[in-house]
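Per chain, numbering begins at 1; letters A, B, ... match sequence-line order.
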Protein chains: 2
Amino acid sequence: MTYRKLTIEDIAHQAGVSRATASRVLNKAPGVSAELRMRVDRVVADLGYRPNAAARALASGRRDALDLVVIACHGDISLFGAQPYYSRVIAGVLAALAGTDTQLRVNVAGSADAPELIERVAQSVTAGAVLVNVSPELAARFHARCRRVVSLGATAAHVPAVEPENSRAAYDAINFLHRIGCRRIAAIHGPDCNTCAAGRRAGHLEAVRELGLPDIAVDGGFRREGGYAAATRLLAEHPDLDGIFAACDMMAAGAVQAITDAGRRVPDDIAVVGFDDSAVAACVSPPLTTMRLPVEQMAAAATRALLEGAAAPHWRRFFPVEMVVRNSTGPDAALLLPPAHPVSALAGRR
Amino acid sequence: MTYRKLTIEDIAHQAGVSRATASRVLNKAPGVSAELRMRVDRVVADLGYRPNAAARALASGRRDALDLVVIACHGDISLFGAQPYYSRVIAGVLAALAGTDTQLRVNVAGSADAPELIERVAQSVTAGAVLVNVSPELAARFHARCRRVVSLGATAAHVPAVEPENSRAAYDAINFLHRIGCRRIAAIHGPDCNTCAAGRRAGHLEAVRELGLPDIAVDGGFRREGGYAAATRLLAEHPDLDGIFAACDMMAAGAVQAITDAGRRVPDDIAVVGFDDSAVAACVSPPLTTMRLPVEQMAAAATRALLEGAAAPHWRRFFPVEMVVRNSTGPDAALLLPPAHPVSALAGRR
DNA sequence: CATAGACGCGAGAGCGCTCTCAACGGAACC
DNA sequence: GGTTCCGTTGAGAGCGCTCTCGCGTCTATG
C-alpha cells in the first residue's frame, strides 16, 4: 500500500466527479444521484481515504472533538489519578461517543489556568465540553464563551447540567445512620471548590439539623489519606463518635483504616457510609455501605446532550443516588433501608 | 469583551506588521527584531488572541494533540472504567503535557475497530500516540502507519516502548512467596491479549519452573469479580493452596474476598501478592503486598519521548517494579524482602 | 567604493476541505 | 414552443494559518 497523502481531489478525480460532489458524498449531504454516490463511495473504500480533520475543521468551523474539562482544586492535578471517579466519567463519555466519530479530549487544569483553558476550548467547540464539577462561576464563564457546554454536577442556573442528587443522598445517608442507632455522626467532606462536595455537605447539614444532632464535619480532600487523617482527628476530638459519613469511598476507606488502627471496630463501634460506590467500596473490609452514583450514566447523558445539541441554557437532568448497603453499617442494616422516597421533609428537594 | 473572531490578520494589522511576522512571533521563530516581537506580543495579550488550532494544523501539517490509544481486549471497553490503571496512565500523560499546549485525546476501541482507529490517528499524528498495552502486531501496524508512536508495555522489537519489568517482577513475587514458606502457589493472570499480562505470566512460569513448583494459573480478566471467581475455583481444585499471585490489585482484592468467604484466612492460610500498587491495594484488608508499577512515571516518560521526537525505532526505556510489602503476606514478611537484585538466575532478564 | 553576506521583513502561494452560487438538463406546465 | 422549476453538478472563493522566497537595509570584507 502506498501512503501518499490522499486528498479529496484525488477521490474526485478517480471517481470522475468534482471536488464538491465528492465532498457531498463524504458528508452524506443530499442532492447527489445514487450513481455518483456509489462511485465515490467505492473509490473512497478502495483507496482507503480519510478526510483531513484539520482541513475539515477549518473550512466548516466544526470540530470532531468533545472536550472533557476538569478543574483541579487548588491546582492539585494528582487527584485525577487517585480518584476512580474520573476514569468512570471518561468511560461514560466514551460509551456515548462510541459510533460517532467524535473524539474525546481531556483537559485537566488548575483553576489558575482556567482562563486559558476556556479560550482553548472556545476556539474549538462544536461537539462541546463536559465540565466536571467545575465551580458555578467558572462554569458560567465557560458557558458564556463556549456556548455548547454541559456541567456534570450542580452549577449556575443557566448552565445546562446533569446533576446527581447529592444533597438528597447525603441527607438519606445521615438519616440512615441515625436509623440504625447512630447518635454522634460526623461527616468527612470533599474540598469546597468541588460542587459535588458542596451538595453533600448541604444534605448532611440539613439532616443533622432536622435530627437535632451536632454538626461535626471536616475536610478530607477526597483522598484516602485525607479520610484517614480526618477520621483520626474526629476520633480524638469526639471519643463518643458512632457514625461517619464520608463524601467519597476513598475517604471512607481511609476512615475505616483509621478507626481500625485506633482500636475501634467497624461497624460495631462506628458505622461508616461512603459515597460513589466506586471499585474500592467492595474491596474495603468490611465492604462499604455507600451511595451509588451513576457516574457513567451521567457522563454519557451529558455527552449525548452535547452531541444532540440539546443543551439549552436551562436544560437539566437529575440522577438519583441509590444506597447500597454492605457491612460497614452492620449486618442487619439492609433491613433498615430508607423508604423509597420519604416525601415529607424532602418535598421539593433535589 | 467582544467575541468577534480574531485572526492573525487582526493582530498583524493592530501591531502594524505583516501576517508573516505576526506568525513568527506567535511561533517563537527567529528572525524578528525585539521591538516588533514585543509589539506583537502586546497586541496578542491585549486582544486575548489565540491562534486557530485547525488552521495551524492544516497549514503546518503539525498537530497540537497527542493520542492515547487503548485497545480493549475482546472489545470490552468497560475495563477502562473499572481499572485504576488507566486513570493513572492519563494522569501521567497529563503531567508530562502540562505546560506544553498539547492536548490529550483519548481513544478507546475494541480490537475490531483498530484499523479505523489507526487511520484516524495516522492522519493527525504529530505529537504522536501512546499505545497502552497494545498487542505487538497491532503496535507494529500503528508504527508503520503513524510513525510517531510509543508503546506502553512490551511490544514488537522495532516499536519504541516504555516497558515495566513485568516478567522480572512476577518472578520476584513468586520467589518471595516461596521464601516466606509457600509451596503451593497459584497465579491469577490477566487476559492474554494484554502485553503486561503476558509478561507477568512469563515471569511466573519461569519462577515456578526454577523452584520445581507446579504451574497453577487461571485468567481473572483483570477484574475484581474475575479474581474472586478465579480464587474460588483455585481453592476448590487445590485445597492445599498456600499462596496466590494476582497480576493486578483488583483481582487480588477479589481473591482475598474469595478466600475469606471460603473460610480461609489471609495471610495465615494463604498469602496474597497483588500487582500495580493501585489505590485499592491499601484499602483491602489485609492491605496488599504488591508490585509497585510506576504507571504515572512510565506514561510521562512515553509522552516526553513523543514530545521530544526521541522515539527512534528501537528506543526503549525500562522501569523497575518495586515490591511493596504489606500484610497480605504476613506480618513478618517485610523482613524477607528479596535482595536488591538476585544476580544469578536473572542475568539478562528484564 | 564595490561586493558579499547577514538579517529583518512582507508578499503570496498554498494546506485540504466546505459551501455558495451559477449553470445545465430535463420534466412539467401554460 | 416557451417558460418555469427542480434536481444535479461544477467552479471557485474562502477558512486562518504557515512558510518559502525575494527584496531592502545594514554591516563586514577586499
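B/Leu36 comes within contact range of the sugar-phosphate backbone alone, with a heavy-atom separation under 4.0 Å but no base atom that close.
To the nearest angstrom, C1' of C/dG10 lies 8 Å from CZ of B/Arg24. The CG-P distance, from B/Leu58 to C/dA13, rounds to 17 Å in whole Å. Note: CG (B/Asn52) to C1' (D/dG16) measures 6 Å, nearest angstrom. Taking atom NE2 of residue A/His13 and atom C1' of nucleotide C/dG16, one finds them 17 Å apart after rounding to whole Å. Distance B/Glu9 CD to C/dG10 C1': 12 Å, rounded to the nearest Å. In this structure, CD1 of A/Ile8 is placed 14 Å from P of D/dA11, rounded to the nearest angstrom. Separating the CD1 atom of A/Ile11 from the C1' atom of C/dC17 is a distance of 13 Å, rounded to the nearest angstrom. Summarising the geometry, the separation between CG on B/Leu26 and P on D/dG16 is reported as 15 Å, rounded to the nearest angstrom.
A donor-acceptor contact shorter than 3.5 Å links the side chain of B/Arg88 to the backbone of B/Leu293. Counting only distance, with no hydrogens or angles, the side chain of A/Asn27 and the backbone of A/Ala29 share no donor-acceptor pair below 3.5 Å. A donor-acceptor pair under 3.5 Å links the side-chain atoms of A/Thr303 to the main chain of A/Ala299, judged by distance alone. Between the side chain of B/Arg317 and the backbone N or O of B/Ala305 there is no donor-acceptor pair closer than 3.5 Å.
For A/Ser60, the side-chain atoms get nearest to C/dT18 when compared with the rest of D/dA11, C/dT18, D/dG16. Each of D/dC17, C/dG10, C/dG16 was ranked by its minimum atom distance to the side chain of A/Ala59; first place goes to C/dG16. Of the candidates D/dT8, C/dT18, D/dC19, the closest approach to any side-chain atom of A/Ser23 belongs to C/dT18. In this structure, of C/dC9, C/dA11, C/dC17, it is C/dA11 that holds the atom nearest to the side chain of B/Ala20. Among the nucleotides D/dT9, C/dG8, C/dT18, the one closest to any side-chain atom of A/Ser33 is D/dT9.
Close to C/dG16, at under 4.0 Å from its OP1 or OP2, lies no side-chain N or O of A/Thr7. Applying the 4.0 Å criterion to OP1 and OP2 of C/dG16, one finds that A/Tyr49 has every side-chain N and O outside that range.
Along DNA chain C, the nucleotide closest to A/Arg56 and the one closest to B/Thr21 are compared, and the more 5′ of them pairs with B/Thr21.
Ring orientation note: the planes of A/Phe80 and A/Tyr86 are close to parallel, at an angle under 30° on the 30°/60° scale.
A donor-acceptor contact under 3.5 Å is not formed by the side chain of B/Arg37 with the base of C/dG8. Interface remark: the A/Arg19 side chain does form a donor-acceptor pair with the C/dT18 base, using a distance-only criterion of under 3.5 Å.
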